[in-house]
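A short worksheet on the structure shown next.
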Amino acid sequence: MNNIYLNYAATTPMDEKVIDVITEEMKNDFGNASTPDFTGRKAKATLQKSRKIISNRINAQEKEIIFTSGGSESNNTAIISTAEARSKYGKHIISTQIEHESVLKPLEYLESQGFEVTYLKPNRQGQITADQVENALRDDTILVSVMMVNNETGVVMPIKEIGEVVKNHQAVFHTDAVQALGMLNIDVKELNVDLLSTSAHKIYGPKFLGTLYINDELILPSFIRGGDQETKRRAGTENIPGIAGFAEAIERLEDSQTLVKKYQGYKNMIVETLSQNNIDYDVNGLIDSPTHVLNIWLKGIQRDILITRLDMVGVAVSGGSACTAGSLEPSHVLKAMFDNEDRINESIRISFGKMTTEDELQIFVDKLVDIVKELSKEN
Ligand SMILES: Cc1ncc(COP(=O)(O)O)c(C=O)c1O
């Protein structure tokens, strides 16, 4: 029996065509884009072409994106470099309790350096509102960082409304769009964001590669210091094959409306089957979020045991974000949403991708029901 992968929010398999492009580039395009010889010129041309494709996708100018080693580096750069560059205007930052660790850890570091951070609490649906941001803004706020789609619940945050609120304030607005790329339409101008992070491995591209959009009007010091690459905003020889693969992954993204419809069908199928089998559950977040994630509380079922049992029958789901999976730490996102400790320890994340089929999902749901029924009897 084939394994069933339902952990696309952690990472995605690379698209075959992306692998082809990367392989070809590795064979034929080994140059350093900063050298003036013919190999460097070829690499530079690939770099420029790829930058154009990727920046177009988010309606940015080519000069407004830099390549990084992934979402984590983009988030670290956005937060730490902004704080360093703007500390003369204030030391207050607004973010949320439900950000990815690659936002929360840099914020923790900044707190140790004398910055003050207001962490907005989500409501029970896992949402943050623009009003909360507006109420938290102060004269000395220099940065607002709110993610676009939460990686554990799939809930979409009102980035456009928050952008409206922050637009006329001195604060820089950053959004972590790592889980949004490919699912939501991203237009940096319409959203009024100054900084936006993406990652290639969430959209069938290579790992260890991402971008940071930096609004042209913003001066952001380099986080990785060294050479003058990426118009002096990120040192290090560019990974041309990976970047070409990222561009290919962008070009091969499927229509998001079609994906949303497909994933909504999968979510409905899961909850309907659970109901038909009298399994007690509740959705964490919103079942109709137009994204690829369903987080579900299976009442009375320990998530660690359930995940292990599913793994034993060849099904991969998650009990938290990829970076903490494997550890027994309760999800900080669910903790922020609910006081109920059982709910936090009895919830799993199921996430879909373009390779997920209806047949696979049917097999998964049947296995899930069987295992949950068995575990309920053991309790
Ligand atoms: C919302 C979010 N931000 C940032 C990251 C980090 O991205 P990367 O793995 O490319 O460093 C992830 C990865 O899980 C994520 O889900």
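Atoms considered below: every heavy atom in the structure, side chains included; atoms not considered: hydrogens, waters and symmetry mates. Both counts, for ligands and for their atoms, begin at 1 and track the order of listing. It should be emphasised that the depicted structure is a prediction, and the values quoted were computed from it without experimental measurement.
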Hey, which atoms in ligand 1 end up nearer than 4.0 Å to a heavy atom of S102? 4 (C)
Lys NZ or Arg CZ of K354 over Y204 ring: under 6.0 Å, within 45°: yes
Between E73 and ligand 1, is there a nitrogen or oxygen pair with a distance under 3.5 Å? no
Quick one: sort the Y263 and H292 rings into parallel, tilted or perpendicular, breaks at 30° and 60°. tilted
Got a sec: does the NZ of K49 have more than 12 other heavy atoms crowding it under 6.0 Å? no
Contact region, N150 to ligand 1, non-hydrogen atoms below 4.0 Å, reads neither
So, taking the atom named NZ in K335 and the one named CD1 in I98, what distance separates them when rounded to the nearest 0.5 Å? 15.0 Å
Part of H201 within contact of ligand 1 (heavy atoms, under 4.0 Å): side chain
Check whether more than 12 heavy atoms from other residues, nucleotides or ligands sit under 6.0 Å from atom CG of D37, and answer yes or no. yes
Closest candidate by heavy atom, reference atom 15 (C) of ligand 1, pool M147, K207, H100: H100
Residue K202 vicinity, atoms of ligand 1 by number, heavy atom under 4.0 Å: 12 (C), 13 (C), 14 (O), 16 (O)
G70 heavy atoms, cut-off 4.0 Å: which ligand 1 atoms fall inside? 10 (O)
Distance under 4.0 Å to a non-hydrogen atom of S72: what atoms of ligand 1 satisfy this? 6 (C), 7 (O), 8 (P), 11 (O)
Do any nitrogen or oxygen atoms of A10 come within less than 3.5 Å of a nitrogen or oxygen of ligand 1? no
More than 12 heavy atoms from other groups under 6.0 Å of NZ on K44: no
